[in-house]
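Contents: one structure, followed by commentary.
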Amino acid sequence: MIPYSTQYIDEDDIQAVERTLRSDFLTCGPRVTDFEECLCNYTDAQYAIATSNATSALHLCMMAMDVGPEDEVWVSAISFVASANCARYCGATVRFIDVDKHTGNLDVHKLHAMLKDAEANHKPLPKAVVAVHLSGRPCELRFLQNLKERYGFYLVEDASHAVGATYEGMRIGKTTFSDVVVFSFHPVKIITTAEGGACLTDNEELAHRIRLLHAHGITHDPLEMQAPDALSKPAYYYEQLELGYNYRMSDIQAALGLSQMAKVDDFLQKRRKLARDYVELLDHNLMTLPVPDTEGFESSWHLYQIQVEHRDEIYQILRRKGVGAQIHYIPIYKQPYYQKLKYHEPLEGAEYFYEHTLTIPLHYKINRVDQSMVAAILASALEKLHALAPNPEDKLSTQELHQVADSIQ
Ligand SMILES: *Cc1c(COP(=O)(O)O)cnc(C)c1O
């Protein structure tokens, strides 16, 4: 099976991890500091806090923004569940924002309409909005910034997919338009630390709170302590100021992250090349291809997402032929957990996106030969399906699908 995405680990990565294993520090030592500095240099962000994963990074954002049970947090409907769960960890009410039916990114006009409606009808406005750069294609950040300023909410960019993506020529990661940007370093993402994530911000106060909360809420800085004689206390003395968590990254993970960051431009170049190759190889008449890059607005191409009729059938045929197609994502409001909380209104753009979108393989370890095979299987499957089931509503049995798959060379 060709997976839709997978990590790329080379000898340098292995040696970097081995050196750390032989060093004095396994947890939060010099490599974590170096990795945070590396992320700041790469994105031009002022502060970076490395975390145990992006889920904990998102939770830290909510805590640092004092999100609580009285608050609403509005989240892109199409994302991994973690984008919404972070608000629930703080007891907040989640409302879902509909997405553009072709990109899956939140629809800024629909968000604007929700905000106007809430204001006019004296309903709660969001304390924070979580915008997801789906597949690595940045959201309309300038528009979002205008709404943020007009309605006074915090803006979190869930950039789990978007390391290396650009918006107006600037790399995603600097909070020019938002308050905090979150990265994920899960193995399927652009670079990996196995588990790992980061919060990036130019806001000193948020950075400070995130750093405190990601390490139990404990400070070792006498200037922050409550004890009046803090400055003359012995070195062992520390104070817990808030209820924090242990959401730190280890030096082993950071060593891997540093080694991976040395290759990030190579990773991105390859992903962009593969995306351009797919445009040549895929049959435009049979499917809708993703929005192409333009000058200064480049996706990181974490996911290559096409849109087709008979999506589920195509998914099954591809899997039977060894192509690891995947679905990103089921609208979060459809999850039983959120249904139980009565967040059940289906959203038009999200429903369309979910029904039609298919992720096909794109990662460092595939080449044009693999892509040609994927393209040929897809074209064959779509032609056969259109002949057998001309109506998008027509369903085929599993047996019929297997016959179609097995008739493809
Ligand atoms: C992967 C992902 C996360 C969670 O990342 P982890 O590092 O696995 O916690 C959150 N949001 C989005 C959009 C993701 O793709």
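Each ligand, and each atom within it, is numbered from 1 in the order the structure gives.
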Please tabulate, line by line, the atom pairs linking an N/O of ligand 1 to a protein N/O at a distance below 3.5 Å, with the distance in Å to 0.1, or answer 'none'.
unit_1	atom_1	unit_2	atom_2	d
ligand 1	5 (O)	S184	OG	3.3
ligand 1	7 (O)	A54	N	2.9
ligand 1	7 (O)	S184	OG	2.8
ligand 1	9 (O)	A54	N	3.3
ligand 1	9 (O)	T55	N	2.9
ligand 1	9 (O)	T55	OG1	2.6
ligand 1	11 (N)	D158	OD2	2.8
ligand 1	11 (N)	S160	OG	3.4
ligand 1	15 (O)	H161	NE2	2.6
ligand 1	15 (O)	K189	NZ	2.9
ligand 1	15 (O)	Y329	OH	3.2

I'd like to know whether CD of Q145 has more than 12 heavy-atom contacts from other residues, nucleotides or ligands below 6.0 angstrom. yes
Residue list, ring pair (Phe, Tyr, Trp, His ring centres under 6.0 Å) with Y237, at least two apart or on another chain: none
Students often mix this up, so state it plainly: with edges at 30° and 60°, are the rings of Y8 and F267 parallel, tilted or perpendicular? perpendicular
Exam field: side chain S23 to backbone F25, donor-acceptor pair closer than 3.5 Å: yes
H102 meets the side chain to side chain contact (heavy atoms under 4.5 Å, CB included) criterion, sequence neighbours left out, with D100, T288, Q307, Y352
Pairs where residues 203-214 contributes a residue and the test side chain to side chain donor-acceptor pair (under 3.5 Å) is met, not counting sequence neighbours: E36-R211, D66-R209, H208-E224, R209-E242
